Amino acid sequence: MFADHHTHLVTENLYLGYYNKEGRLYLLQKDMNESLVEGELVCLIGPNGSGKSTLIRTIAGLQKPVGGKVFIGSREINQLTNTEKSKHLSIVLTDNAVMGNITVSEIVALGRYNYTNWIGTLEKEDRRKISESLKKVGLREFENRKFDTLSDGEKQRVFIAKGLASDAPVMLLDEPTSHLDIPNKAGILSLLRNLAYRSNRAVLVATHELDLALKLADAIWFLLPDKSIFKSTPEELIFSGKLNEVFGNELVSFHANSGTFSMNTEYIGSVSLKGEGKFLEITVRALDRIGVKVNLRSPDDPVKVYVDNDRWIIDWKGKKSESFFLVETCRILRKVVKK
């Protein structure tokens, strides 16, 4: 028999939007009936302005929906007190403001204050939760460090640890990887997936890191320009054609077979390319980047390039040019190749 999966959060006919100063409604998304289940990482993606941050804030009870409801367990979120909300969900926003003269453990301790007594005294169990949360995000030895001495990636891990310390079954994060380098982006999303799996939390992350979302998420919520939402596994989304419909244009295209976006190259001409070794493949990629189409099986092209290990020979109109640097080879070809 399959195990039951507990649903932590449900949206019912949820409408997202906002009213401007003139009272005119700007609708972002409509009729959303979605759920967050324990032990899953859900990545929320969509074009700029589609309502990703608005959805995160609405689910968290920080912003009223235009219509519909959000349920935490069996209760509607607007029926919960702030203390009750914080015990059910934690939220990490992009605009977290923190005073400089504060330690890592003091920030994480904020996640426990709804469990402390009226004067905010941390008990033994609270301190254990703080230490355990820091260990889970790989910052156990940083507990006494000043927050403003940390890197951006480490700061994000501190905020995640704060959410973990709250014991909230739902974790909401809005662009937690913004301003991070590639290893830290991958590290944060991998960390969140592992936390969902190991702690049975429901984790929803709004992100622009489409490539990482397709590799790491259990489910994707894709906010579409027609105000609807497409929910699927990453694999179903890849082969649905919707990524190309929404993001593809004259500059970029999404390729389902590779699961990646690539530039739509405008070619200036072509060359006949022959050779062997690892530099042959490198040369093919470099020439495609500069708009030179490679013919590996056509010896009749007027411009011929031979790759001999780390040496490039260009044969054009009976003239030969030899180079030991790929960058120099590219410079020459940009001049001699014509449409």
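Because the structure is predicted, anything quoted here is derived from the model rather than measured.
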Would you call [X] and [Y] a side-chain contact if the rule is heavy atoms closer than 4.5 Å?
{"X": "Thr177", "Y": "Asn184", "value": "no"}
{"X": "Val294", "Y": "Asp288", "value": "no"}
{"X": "Pro176", "Y": "Val205", "value": "yes"}
{"X": "Thr103", "Y": "Lys146", "value": "yes"}
{"X": "Val203", "Y": "Leu195", "value": "no"}
{"X": "Lys87", "Y": "Asp167", "value": "no"}
{"X": "Val307", "Y": "Leu273", "value": "yes"}
{"X": "Ser323", "Y": "Arg331", "value": "no"}

- Scan side-chain atoms only and decide if Thr81 and Thr83 contain a donor-acceptor pair under the 3.5 Å cut-off. no
Please give me the minimum heavy-atom distance between [X] and [Y], naming the atom from each residue.
{"X": "Leu189", "Y": "Leu41", "value": "O-CD2, 4.0 Å"}
{"X": "Ile130", "Y": "Ser105", "value": "CG2-O, 4.1 Å"}
{"X": "Ala206", "Y": "Lys52", "value": "CB-CB, 4.1 Å"}
{"X": "Ser270", "Y": "Val303", "value": "O-CB, 4.3 Å"}
{"X": "Ala213", "Y": "Pro234", "value": "O-CG, 4.1 Å"}
{"X": "Ile77", "Y": "Ala60", "value": "CD1-C, 3.7 Å"}

Report all side-chain donor-acceptor pairs from residues 314-321 shorter than 3.5 Å, counting only partners two or more places apart or in another chain.
none

| said: Can you tell whether the side chains of Lys278 and Glu281 come within less than 4.0 Å, N to carboxylate O? | reply: no
message: Taking the basic N atoms (NZ, or NE/NH1/NH2) and the acidic carboxylate oxygens, is any pair closer than 4.0 Å for Lys155 and Asp148?
response: no
Requested in this report: I would like to know whether Leu173 and Ile160 meet side-chain contact (heavy atoms from CB on, under 4.5 Å); could you show each step before the answer?
Outcome: CA-CA 9 Å; Leu173 303 99; Ile160 293 170; 3.9 Å; yes
Could you tell me which residues satisfy salt bridge (Lys or Arg N to Asp or Glu O under 4.0 Å) with [X], sequence neighbours excluded, listed by chain and number?
{"X": "Arg75", "answer": "Glu84"}
{"X": "Glu209", "answer": "Lys185"}
{"X": "Lys85", "answer": "none"}
{"X": "Glu125", "answer": "Arg128"}

Residue set satisfying side chain to side chain contact (heavy atoms under 4.5 Å, CB included) with Asn33, at least two apart, ordered chain then number -> Glu12, Asn13, Asp31
Rounded at 0.5 Å granularity, tell me how far [atom1] in [X] sits from [atom2] in [Y].
{"X": "Arg285", "Y": "Ile290", "atom1": "CZ", "atom2": "CD1", "value": "14.0 Å"}
{"X": "Ile268", "Y": "Lys335", "atom1": "CD1", "atom2": "NZ", "value": "12.5 Å"}
{"X": "Ile188", "Y": "Gln156", "atom1": "CD1", "atom2": "CD", "value": "6.0 Å"}
{"X": "Ser133", "Y": "Leu164", "atom1": "OG", "atom2": "CG", "value": "5.0 Å"}
{"X": "Glu34", "Y": "Ile229", "atom1": "CD", "atom2": "CD1", "value": "4.0 Å"}
{"X": "Ser199", "Y": "Lys136", "atom1": "OG", "atom2": "NZ", "value": "3.5 Å"}

The remaining residues in the hydrophobic cluster of Leu25, counting side-chain heavy-atom contacts under 4.5 Å among Ile, Leu, Val, Met, Phe, Trp and Tyr, are Tyr15, Tyr19, Leu27, Val66
For Ile313, the other hydrophobic cluster members (4.5 Å side-chain criterion, sorted by chain and number) are Tyr306
Test item: [X] side-chain N/O and [Y] main-chain N/O as donor-acceptor pair under 3.5 Å:
{"X": "Arg145", "Y": "Val104", "answer": "no"}
{"X": "Asn194", "Y": "Ser190", "answer": "yes"}
{"X": "Asp308", "Y": "Arg311", "answer": "no"}
{"X": "Ser151", "Y": "Glu154", "answer": "yes"}
{"X": "Ser86", "Y": "Asn82", "answer": "yes"}
{"X": "Arg201", "Y": "Ala168", "answer": "yes"}
{"X": "Asp126", "Y": "Glu123", "answer": "yes"}

Could you see if [X] belongs to whatever hydrophobic cluster contains [Y]? Use Ile, Leu, Val, Met, Phe, Trp, Tyr and a side-chain cutoff under 4.5 Å.
{"X": "Leu14", "Y": "Ile91", "answer": "yes"}
{"X": "Leu28", "Y": "Val246", "answer": "no"}
{"X": "Leu280", "Y": "Ile332", "answer": "yes"}
{"X": "Ile220", "Y": "Met32", "answer": "no"}
{"X": "Leu139", "Y": "Leu110", "answer": "yes"}

Practice problem: Output, in order, the C-alpha distance, side-chain angles, deciding distance and verdict of side-chain contact (heavy atoms from CB on, under 4.5 Å) for Leu237 and Leu243. | Solution: CA-CA 7 Å; Leu237 176 60; Leu243 289 172; 4.0 Å; yes
Trace of the side-chain contact (heavy atoms from CB on, under 4.5 Å) decision for Thr207 with Ile45:
CA-CA 6 Å; Thr207 181; Ile45 66 172; 4.2 Å; yes
Per ring-ring contact (aromatic ring centres under 6.0 Å, His included), Trp312 is matched among Phe279, Phe324, Phe325 by Phe279
Salt bridge (Lys or Arg N to Asp or Glu O under 4.0 Å) pairs touching residues 213-234, sequence neighbours excluded, are none
Residues pairing under salt bridge (Lys or Arg N to Asp or Glu O under 4.0 Å) where one sits in residues 232-253, two or more places apart or in two chains, turn out to be none
Residues passing the ring-ring contact (aromatic ring centres under 6.0 Å, His included) test with Tyr26, sequence neighbours excluded, are Tyr18
Only one of Leu36, Leu62, Leu93 passes side-chain contact (heavy atoms from CB on, under 4.5 Å) with Leu172, and that residue is Leu36
Around His255, counting heavy atoms of other residues, nucleotides and ligands shown, do more than 12 lie under 6.0 Å from its NE2?
-> yes
Has Ile182 got more than 12 heavy atoms of other residues, nucleotides or ligands less than 6.0 Å from its CD1? no
side-chain contact (heavy atoms from CB on, under 4.5 Å) between Phe254 and Ile238: does it pass, once the steps are laid out? CA-CA 9 Å; Phe254 183 81; Ile238 286 172; 3.9 Å; yes
The complete set of ring pair (Phe, Tyr, Trp, His ring centres under 6.0 Å) pairs with one or both residues in residues 190-245, sequence neighbours excluded, reads Phe222-Phe247
